[in-house]
**Q** 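Right, I'll just put the structure down here and ask away after.
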Amino acid sequence: MSSSSSEDDIPLSKKRRQDKFAESNASMSGRSAERTPDPAMARTKSVINDDDSSDEEMPLAKRASSKTNGKAMKREASSDEDNVPLSKIVKTTKKPTPKKRIVNKEDSSSDDEKPLAKVKKDIKKVAKVKAEEESKVVRKQTKKVKDEEAEAQFKWWEKSNEEEDGDVKWNELEHNGVLFPPAYVPHGVKMKYDGKPISLSPEAEEVASFFAALIETDHGKNPVFQKNFFSDWQEILKKDSSNPNITSFEKCDFRPMYEHFEVEKERKKQLTKAEKQTIKEEKAKVEEPYLYAIVDGRKEKVGNFRIEPPGLFRGRGDHPKTGRLKKRVMPEQVTLNLGENAPIPKPLDGHKWGGVVHIHEATWLASWKENINGSIKYVFLAATSSWKGQSDMQKFEKARDLKKHVNRIRRDYRQQLNDKLMETRQRATAMYLIDVLALRAGNEKGDDEADTVGCCSLRYEHVTLEPPNILVFDFLGKDSIRYHNSVPVDAQVFKNIKIFKKQVGPDNMIFDRLTTMSLNKHLGSYMKGLTAKVFRTYNASHTFQEQLNKLTREEDSIPDKLLSYNRANREVAILCNHQRSVSKNHGQMIAKIQDKIRALKYQRKRLRKQIVQLDPKMKKSKLTEMEEESDLEDEWIAEHQKDLLVKEREKITTRFEKNNEKLASEGKPPQPKEELKEKLKAVDDWEKELQKEKKTGKIEVKASATVEKLLAQITKLDERIKATKTQALDKEEGKETALGTSKLNYIDPRISAVWCKKYNVPVEKVFSKTLRDKFQWAMEIDADWR
DNA sequence: AACTTAACTTAGGATGACAAAG
DNA sequence: CTTTGTCATCCTAAGTTAAGTT
């Protein structure tokens, strides 16, 4: 923080993160302490008296928030479910979890598939036989196609809804495993410790390099990041006794390495086109085997076949683990998911796979455990694949289904906003927020993660009340993005939040009797598969369609139509709070544009003066109608003129030098210096002229100039000024909203497809190539779809 | 555990400024 | 003075991986 001596220079988005940082530092005692509930406050009643005056009588959080015994709490919460009317527990009978079969590389070849696989097959036999036969047919057909022209895409959306085949996603699955990052090649550049160059073991050098590359970034300057990196690096240093004893981060100077990388970067840029081309080709050759998997005979694109390279964990927000070393992944840690009959790809030389499994009900191709949070990473098919496409379409269909139920759901929760039962009332209030504000569900998080919240995990401090009915939300959501919004709400919602807050007290969760699980369970009783996130999809798509209809004019030009499209898109992005960090030089950029505008205005002003000089009568007519340049101060003009002169001189000198170089290379003698002087003199003359202008207040008008000509020039300038202004405005408006996320994940692509058809806008204007590929299933939609 | 959503990072293509040529 | 070619800059799209939900 100390680095921010001039706060105003910091882009907004960065600031927001910094502020947050300050906040968490201020409350150093840590969250766990803050959130520990006051046992004296614990109460047990769970019926609500609606009268405000008797708020005190309200029940309280059994799970009054504590993280320390969260597990016990959760169990308790689930026992609460007994209160739920039976009718609401529709949950389908659980299928036995499929057994994973780990096959060691050695035994995999011979014995293989028969026993376990057969049992499994028997279980699902009845349901599956039909599908299997079908898929065999499909396979034969597509194999033929594949041999000729591999790309003929399988149009799954044209097939009638195949029987939902239990949870089985595939019968045969073949792929070439994963691509590991190349082994580390030491560069030998010595960093300094305590001012002296030191040599490091390759492993220690690698980790130091990870950090060195980041020293100029926000991460590299973040103390938590530094601390975590440093302690993990020390562990690595200890592993090789030849490493120097490094105990103080402050004494480390990573700059030599950083500079080395900068030079390398520059060198890469300087490569010729041909060299770049060969590098690209080599890369493609290495990747080639991993690009596609074969699913039931169909060739499908793989998404992320590359194993994530080692590096420093770049946790967002103030993640406690940010900066920790993300270790290199070895084949031993990687599990492959393959068909029983598929050949097992070769692991790295001298290595073995961690395991090979045949989980037919999963869509992942490979997985490994990551060492920072202990979570599992997966290799999936690409977004263009049928698996992803199908589930994407299902998602939007589900959102469309919601339309049929939403009125009933809304009526219910409105009614339940003053339910006697605390839990029900909280649930109804949460549903209101999820529905109206498109908040995320908000699972609880651990102490070893960034402190972010969603609807169910909102805490006391995240919502403030502004009578009569305004709620002010201010919290960090997913990715530590700030959600800051003032919304007028239903009177009862306002009242409820007030009550809940009073009950739970500071630092505690507002919906203390609600979990995402119980909420989703309840939603599921309205409609199969309905969960909190469906509301986000539904509301996003719905808003988009609404806005689009409202904004688009038949008679508009295509750019205008696109503007409407983007505006509708922006509405959705705002609803979903999709932000992007303002680029580091946004401020500069805007300043540059403003300067450009002023420079144009300066020119225009001169032209006007000239016109008046030519024809004094013009003064009162057209010219006065024109907008006055309020931001053109004399001071600025002087500055600007100086600038123009300096630039002109520079230009002349460099041109002169360049010319000389050219002459020299041709073996000719350089131009005489007098020539340069001669040319520079012209600028001097210009300068004098400007000074004279300043004194007399008159501009010398060229002999060829006429009023008409000057007016024409002014019109041109006017246009340019206007264009630049709107450009600036557009940039300013959109600087913080990211349109891409909603387009990619929330807005039903069929709405766009229909819109393009209806208004004759080419689809490629609204969908990039990847988007078109991903949404192929939506492109051939009927024009009357809604 | 498995899958979707999301922002951050990077690559490369479009765009505009500038110099040289017409 | 306008047009054309080149280079740097900027911006978008693709790629990556962290952070959510179920």
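Reminder, nothing fancy here: chain letters follow the sequence lines and each chain counts from 1. Just so it is clear, the structure is predicted and the values come from calculations on it, not from any experiment.
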**Q** Using OP1 and OP2 only, check whether a side-chain N or O of A:Lys445 sits under 4.0 Å from C:dG20.
**A** yes
**Q** Is A:Tyr746 touching bases, backbone alone, or none of the nucleic acid, heavy atoms closer than 4.0 Å?
**A** sugar-phosphate
**Q** Could you tell me how far apart A:Leu744 (CG) and C:dT12 (C1') are, to the nearest whole angstrom?
**A** 14 Å
**Q** Over all strands shown, is A:Gly442 touching base, sugar-phosphate only, or nothing at heavy-atom distances under 4.0 angstrom?
**A** sugar-phosphate
**Q** Can you check the A:Lys369 NZ to B:dA2 P distance for me, whole Å?
**A** 12 Å
**Q** What contact category does A:Ser391 fall into here, base, sugar-phosphate, or nothing, at under 4.0 angstrom with non-hydrogen atoms?
**A** sugar-phosphate
**Q** Does A:Thr452 place a side-chain N or O at less than 4.0 Å from the phosphate oxygens OP1/OP2 of C:dA19?
**A** no
**Q** Closest-nucleotide mapping onto DNA chain B: is A:Gly374 or A:Lys395 further toward the 5' terminus? I mean the 5' end.
**A** A:Gly374
**Q** Does A:Arg316 put a side-chain nitrogen or oxygen below 4.0 Å from OP1 or OP2 of B:dT9?
**A** no
**Q** Could you state the CZ-C1' distance from A:Phe305 to C:dT17, rounded to the nearest angstrom?
**A** 15 Å
**Q** Under 4.0 Å from OP1 or OP2 of B:dT4: is there any side-chain N or O of A:Lys388 that close?
**A** yes
**Q** Using whole Å, report how far NE2 of A:His219 lies from P of B:dA7.
**A** 15 Å
**Q** Is any side-chain nitrogen or oxygen of A:His319 closer than 4.0 Å to OP1 or OP2 of C:dA18?
**A** no
**Q** Under 4.0 Å, heavy atoms only, any strand: does A:Thr363 hit a base, just the sugar-phosphate, or nothing?
**A** sugar-phosphate
**Q** To the side chain of A:Ala441, which of B:dA7, C:dT22, B:dT9 is closest?
**A** C:dT22
**Q** With a 4.0 Å cut-off on N to O distance, would you call A:Asp451 and A:Arg459 a salt bridge?
**A** yes
**Q** Please determine if a side-chain N or O atom of A:Lys280 lies less than 4.0 Å away from the OP1 or OP2 oxygen of B:dA11.
**A** no
**Q** Taking atom P of B:dA6 as reference, at what distance in whole Å does atom NZ of A:Lys774 sit?
**A** 11 Å
**Q** Does A:Lys395 pair with A:Asp392 as a salt bridge, N-O distance under 4.0 Å?
**A** yes
**Q** Check the side chains of A:Glu370 and A:Ser375 for a donor-acceptor pair under 3.5 angstrom, ignoring hydrogens and angles.
**A** yes
**Q** For A:Lys326, which contact category applies under a 4.0 Å heavy-atom criterion: base, sugar-phosphate, or nothing?
**A** sugar-phosphate
**Q** Need one value for A:Arg772: base, sugar-phosphate or nothing, where a base atom within 4.0 Å counts as base even if backbone is also close, heavy atoms only.
**A** nothing
**Q** At under 4.0 Å between heavy atoms, what does A:Gly303 touch on the DNA or RNA strands: base, sugar-phosphate, or nothing?
**A** nothing
**Q** State whether A:Glu736 and A:Arg580 are salt-bridged, where the test is any N-O pair (Lys NZ or Arg NE/NH1/NH2 against Asp/Glu carboxylate O) under 4.0 Å.
**A** no
**Q** Heavy atoms under 4.0 Å, any strand shown: does A:Lys533 hit a base, just sugar-phosphate, or nothing?
**A** sugar-phosphate
**Q** For C:dT22, does either OP1 or OP2 sit under 4.0 Å from a side-chain N or O belonging to A:Thr531?
**A** yes
**Q** Could you please name the option among B:dC3, C:dT17, B:dA7 that lies closest to any side-chain atom of A:Glu308?
**A** C:dT17
**Q** What does A:Ala738 touch in the nucleic acid at a heavy-atom separation under 4.0 angstrom: a base, only the sugar-phosphate, or nothing?
**A** nothing
**Q** Check A:Asn539 against A:Ile434 and note the closest heavy-atom contact, atom names and distance.
**A** ND2-O, 4.3 Å
**Q** Using a 4.0 Å heavy-atom cut-off across all strands, classify A:Asn520 as base, sugar-phosphate, or nothing.
**A** sugar-phosphate
**Q** In this structure, how many angstroms lie between the P atom of B:dT9 and the CZ atom of A:Arg306, rounded?
**A** 18 Å
**Q** I'd like to know if A:Lys321 pairs up with A:Asp448 as an ion pair, taking the criterion as any Lys NZ or Arg NE/NH1/NH2 lying under 4.0 Å from an Asp or Glu carboxylate oxygen.
**A** yes
**Q** Tell me the interatomic distance from A:Tyr483, atom OH, to C:dG20, atom P, rounded to whole angstroms.
**A** 16 Å
**Q** Taking for each residue the nucleotide of DNA chain B bearing the nearest heavy atom, is the 5' side occupied by A:Lys283 or by A:Ile376?
**A** A:Ile376
**Q** For C:dA8, does either OP1 or OP2 sit under 4.0 Å from a side-chain N or O belonging to A:Lys269?
**A** no
**Q** Using heavy atoms to find the nearest nucleotide of DNA chain C for A:Leu312 and A:Asn443 separately, return the residue whose nucleotide is more 5′.
**A** A:Leu312
**Q** Decide yes or no for A:Lys478 and A:Arg316: does some side-chain heavy atom of the first lie under 4.5 Å from some side-chain heavy atom of the second?
**A** no
**Q** Could you tell me whether A:Gly740 contacts a base, only the sugar-phosphate backbone, or nothing, with contacts defined as non-hydrogen atoms closer than 4.0 Å?
**A** nothing
**Q** In whole angstroms, how far is the P atom of C:dT21 from the CE atom of A:Met517?
**A** 13 Å
**Q** Among C:dA19, B:dT4, C:dT22, find the nucleotide with the atom closest to the side chain of A:Ala532.
**A** C:dT22
**Q** Run the salt-bridge test on A:Lys769 and A:Asp773 with the 4.0 Å N-O cut-off and return the result as yes or no.
**A** yes
**Q** So if I take every side-chain heavy atom of A:Ser768 and compare against B:dT4, C:dA13, B:dA6, which nucleotide ends up nearest?
**A** C:dA13
**Q** Taking for each residue the nucleotide of DNA chain C with the nearest heavy atom, is it A:Val534 or A:Leu771 whose nucleotide lies nearer the 5' end?
**A** A:Leu771
